[in-house]
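Residue numbering restarts at 1 for every chain, and letters A, B, ... go by the order of the sequence lines. FYI, side chains are in, hydrogens and waters are out, and symmetry mates aren't considered; it's all heavy atoms of this structure.
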Amino acid sequence: MSSHAKAAKKFIADRERTAWHDQALYFVREKRDRMAHGVPEWEALRKTASRMKKHTISNLAYYLEMFERNATANGAHVHWAKDAEEHNRIVYDIIQRHGGKHLIKSKSMLSEECGLTPYLEERGVEAVESDLGERIMQFMGTPPSHIVLPAIHVKREEVGKVFEKELHTEPGNSDPTYLTHAARKALRQNFLNADIAMTGVNFAVASSGAFVVCTNEGNADMGTSFPKVHIAIMGMEKVVPDYDALALYVRLLARSATGQPSTTYTSHYKKPVEGQEMHIVIVDNGRSDILGNPDHVNMLKCLRCGSCINTCPVYRRTGGYSYSYFIPGPIGINLGMLRSPEKYSGNVSACTLCHSCSNVCPAKIDLAEQIYKWRQQLDPLHLASSEKKFIVKGLKLVMEHPAMFYSAIKAGRLAEKMPRFVLYNSLDAWGIGRELPDFAPETFNEMWKKGEVK
Amino acid sequence: MSSRDEILARLKQNAIKPEPRPEADFQPLTFTNPVEQFQKILQVAGANSVLLEKGEDVNEIIRKTYPEAKTIASNLPGINCATVNPDLLEDPRELNGTDVAVIRGEFGVLENGMVWIKQQTRHKALFFISEALVILLNRDNLVNNMHEAYARPGFDDYGYGCFIAGPSKTADIEQALVIGAHGARSVTVILE
């Protein structure tokens, strides 16, 4: 059984919760559909956005250097990090130079990728997540289960309980408005007392040297409004050529992610404000390897909108924690395999190949096609399940010999009448959590011979 | 070799065949009745909007919309309902507790309800920390979509700028929409 299937078993044991999770995500997917249908040129927009990404990643060094040049001219300090370790060190050095102790953070998948928060905490720097969902997860001591909706798997009662402990809210009050406003009040103090601000980067505009951060809560902007230092961290693929290209992505991002026409705040940081230092850390951490991988180079087109996750029937029914990589869903299956097939191959089975992800992706990434390709690689990488290999070998033999095939069908008919303990037991992984379909009374071949097929 | 040079060398080594820049071959969304559409989409974004009629006083509208407001911060000329000039404050933290901030928007975007706000005060904190935000906007400055927004002459002329679409919001607890996460709980756009 794959690591995903094993972990999912725990999640699906609570059927009501599984259904609730499924519906919560599908609700977001439906909102996305309404937004897409409201833009007549939606498909052309996706196509252009996808080709613009291809253009950008095929000139990645050129655009990154242009961004660096312009950002530097604007007064920002640009740093380059080869890997997670170097990224963390650069960030810590900046903090240390300013004697920082309290970092206020907006949401960044890159910081999760690099393990920044634990790195800083080990060194005595407190890193406070300011996005509500991320803050809930920080209080709970568990990672986000979705890249855009970090606490999508958490029920309001559970939020109420953890806020009761951390923020001393009224016992038993789990009203989302009450809890959100309690977090607003508490985090206001964190904003005012922070000495270092950190944000991610949604888009870096090469032609201008500006970078764009999108939030609904306004937490990135609140965070950067008080400290003397702003550190922005970005994966290399976040660069876009210019404002014309940016327009495509700003139109697509929120509509695809949460089904809104736009995020509430789409902030453009270009020059450090008076008395503030602005640092931009450009991170590779495996991205240049993806560029050199023709089957998977399209992963560099990802906007991190999460629409592939929301639509995925497997994600919706198994939750983010069933995946062994920190990014779940179709995007995470692929990025995990690019990170380490040895560590993360247990996720490639978490796909029905329905291709819904490929069809909603605003950058038209061939997500499902790539998962299929990874599955073909499992055997050459010596990661295929021996049980499945054995079954496939047997199937091959049967399929190549018609006589064996027909006797197998007859045997199957007989098997159908066998007691459950014979059909469903621990030797048969397929039968765990699945029911055998009923055999049709006649095979197509029999019907054909009798002239029943017109 | 520095990390920068190493990374750039790797990118050049792994470079794929250069793809030409695509031409946008579509007609983006446009609207026939700009003011009506803008008021409609602002509502979707959770913002109020007011059409300022000839002879009406902005200050009266602000007072009427936020009758409870004690601190009103603005550096705009003609906003005499303001109780604080935010530019006279040394520390942006002093803005905490502001009830209403009155600022100027450059232009609005019809497809999504965004208003482009350039830094116009000493502390940008004002746009986010006040309980309510009043944005004054010339009703002739409306563009259809983001393509037109970014193509406006001189767009890149800012140090910090933000598109704001309605009040701060979140749905991080069970997808229930809550207004007033960290920023303004209420946004009123006054179309002059």
Peer 1: With only heavy atoms counted, which part of B:Ile179 is less than 4.5 Å from chain A, the side chain, the backbone, both or neither?
Peer 2: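 When you check distances to chain A, only backbone atoms of B:Ile179 fall under 4.5 Å.
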
Peer 1: What residue in A:Leu248, A:Leu149, A:Thr264, A:Val297 has the most heavy-atom pairs under 4.5 Å with chain B?
Peer 2: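 Max contact count across the listed options: A:Thr264.
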
Peer 1: Taking non-hydrogen atoms and a cut-off under 4.5 angstrom, which of residues 57-71 of chain B neighbour chain A?
Peer 2: none

Peer 1: Please examine the side chains of A:Asp221 and B:Cys162, heavy atoms only from C-beta on, and report whether any two atoms are closer than 4.5 Å.
Peer 2: yes

Peer 1: Can you tell if the side chain of B:Met146 reaches within under 4.5 Å of the side chain of A:Ser262, non-hydrogen atoms only?
Peer 2: no

Peer 1: Roughly how far, to the nearest 0.5 Å, is CG of B:Asn112 from OG1 of A:Thr266?
Peer 2: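 That separation rounds to 7.5 Å.
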
Peer 1: Is any side-chain heavy atom of B:Glu174 closer than 4.5 Å to a side-chain heavy atom of A:Glu157?
Peer 2: yes

Peer 1: Below 4.5 Å, heavy atoms only, C-beta onward: do B:Ile129 and A:Phe191 meet side chain to side chain?
Peer 2: no

Peer 1: Is there a donor-acceptor pair closer than 3.5 Å between any side-chain N or O of A:Glu41 and the backbone N or O of B:Leu29?
Peer 2: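 Flag set: sc A:Glu41 to bb B:Leu29 pair under 3.5 Å.
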
Peer 1: A:Ile136 versus chain B, heavy atoms under 4.5 Å apart: side chain, backbone, both or neither?
Peer 2: side chain

Peer 1: Is chain B contacted by the side chain of A:Asn293, its backbone, both, or neither, given a heavy-atom distance below 4.5 Å?
Peer 2: neither

Peer 1: Checking A:Val154 against chain B: side chain, backbone, both or neither under 4.5 Å from a heavy atom?
Peer 2: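 Just the backbone, heavy atoms under 4.5 Å.
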
Peer 1: I want to check something: taking the side chain as every heavy atom from C-beta on, are B:Arg185 and A:Arg184 in contact at a cut-off of under 4.5 Å?
Peer 2: yes

Peer 1: When you check the gap from the basic side-chain N to the acidic O, do B:Glu19 and A:Lys53 get nearer than 4.0 Å?
Peer 2: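 Judged by the 4.0 Å cut-off on N to carboxylate O distance, B:Glu19 and A:Lys53 do not form a salt bridge.
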
Peer 1: Do A:Tyr265 and B:Phe128 have ring centres separated by under 6.0 Å?
Peer 2: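 Yes, ring centres under 6.0 Å apart.
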
Peer 1: Residue by residue, which of residues 74-96 of chain B have a heavy atom closer than 4.5 Å to a heavy atom belonging to chain A?
Peer 2: B:Pro92, B:Arg93, B:Asn96

Peer 1: Does the side chain of B:His182 come within less than 4.5 Å of A:Thr215's, by heavy atoms?
Peer 2: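 A side-chain contact is absent here, since even the closest heavy-atom pair is not under 4.5 Å.
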
Peer 1: Could you grab the distance from atom OG1 of B:Thr170 to atom CG of A:Asp131, nearest 0.5 Å is fine?
Peer 2: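 B:Thr170 atom OG1 to A:Asp131 atom CG measures 6.5 Å (nearest 0.5 Å).
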
Peer 1: Under 4.5 Å between any side-chain heavy atoms of B:Asp172 and A:Arg135, yes or no?
Peer 2: no

Peer 1: Output the option from A:Asn59, A:Ile57, A:Asp284 having the highest count of non-hydrogen pairs under 4.5 Å with chain B.
Peer 2: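 If we count pairs closer than 4.5 Å to chain B, A:Asp284 comes out on top.
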
Peer 1: Give a yes or no on whether the ring-centroid distance for A:His230 and B:Tyr160 is below 6.0 angstrom.
Peer 2: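 No, the ring of A:His230 stays outside the 6.0 Å limit from the ring of B:Tyr160, centre to centre.
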
Peer 1: Checking heavy atoms, do the side chain of A:Arg156, its backbone, both or neither come under 4.5 Å from chain B?
Peer 2: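 The answer is both parts of A:Arg156.
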
Peer 1: Under 4.5 Å heavy-atom distance to chain A, tell me which part of B:Glu23 shows up: side chain, backbone, both or neither.
Peer 2: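 Only the backbone of B:Glu23 comes within 4.5 Å of chain A.
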
Peer 1: Distance check, rounded to the nearest 0.5 Å: B:Lys169 atom NZ versus A:Thr180 atom OG1?
Peer 2: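 With rounding to 0.5 Å, NZ (B:Lys169) is 13.5 Å from OG1 (A:Thr180).
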
Peer 1: B:Glu111 versus chain A, heavy atoms under 4.5 Å apart: side chain, backbone, both or neither?
Peer 2: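 It is both, since atoms from each part get that close.
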
Peer 1: Is chain B contacted by the side chain of A:Arg255, its backbone, both, or neither, given a heavy-atom distance below 4.5 Å?
Peer 2: side chain

Peer 1: Does the separation of the ring centres of A:Phe226 and B:His123 fall below 6.0 angstrom?
Peer 2: no

Peer 1: With a 4.5 angstrom heavy-atom cut-off, is it the side chain or the backbone of A:Leu291 that approaches chain B, or both, or neither?
Peer 2: both

Peer 1: About how many Å separate NE2 of A:His268 and CZ of B:Phe163, when rounded to the nearest 0.5 Å?
Peer 2: 5.0 Å

Peer 1: With only heavy atoms counted, which part of B:Ala15 is less than 4.5 Å from chain A, the side chain, the backbone, both or neither?
Peer 2: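 Looking at B:Ala15, just its backbone touches chain A.
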
Peer 1: Once you round to the nearest 0.5 Å, how far does CD1 of B:Ile164 lie from OG of A:Ser267?
Peer 2: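 OG of A:Ser267 is found 7.5 Å from CD1 of B:Ile164.
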
Peer 1: So do the side chains of B:Arg4 and A:Val78 get within less than 4.5 Å of each other, counting heavy atoms only?
Peer 2: no

Peer 1: Look at atom CD of B:Glu36 and say whether more than 12 heavy atoms of other residues, nucleotides or ligands are closer to it than 6.0 Å.
Peer 2: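 Incorrect, the count does not exceed 12.
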
Peer 1: Given heavy-atom pairs under 4.5 angstrom as the criterion, report whether the side chain, backbone, both or neither of B:Gln27 touches chain A.
Peer 2: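 Backbone only.
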
Peer 1: Do you know which of A:Thr56, A:Asp244, A:Asp242 makes side-chain hydrogen bond (donor to acceptor under 3.5 Å, both in side chains) with B:Arg21?
Peer 2: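 Per the side-chain hydrogen bond (donor to acceptor under 3.5 Å, both in side chains) rule, the option paired with B:Arg21 is A:Asp242, out of A:Thr56, A:Asp244, A:Asp242.
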
Peer 1: Under 4.5 Å heavy-atom distance to chain A, tell me which part of B:Phe155 shows up: side chain, backbone, both or neither.
Peer 2: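 Only the side chain of B:Phe155 comes within 4.5 Å of chain A.
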
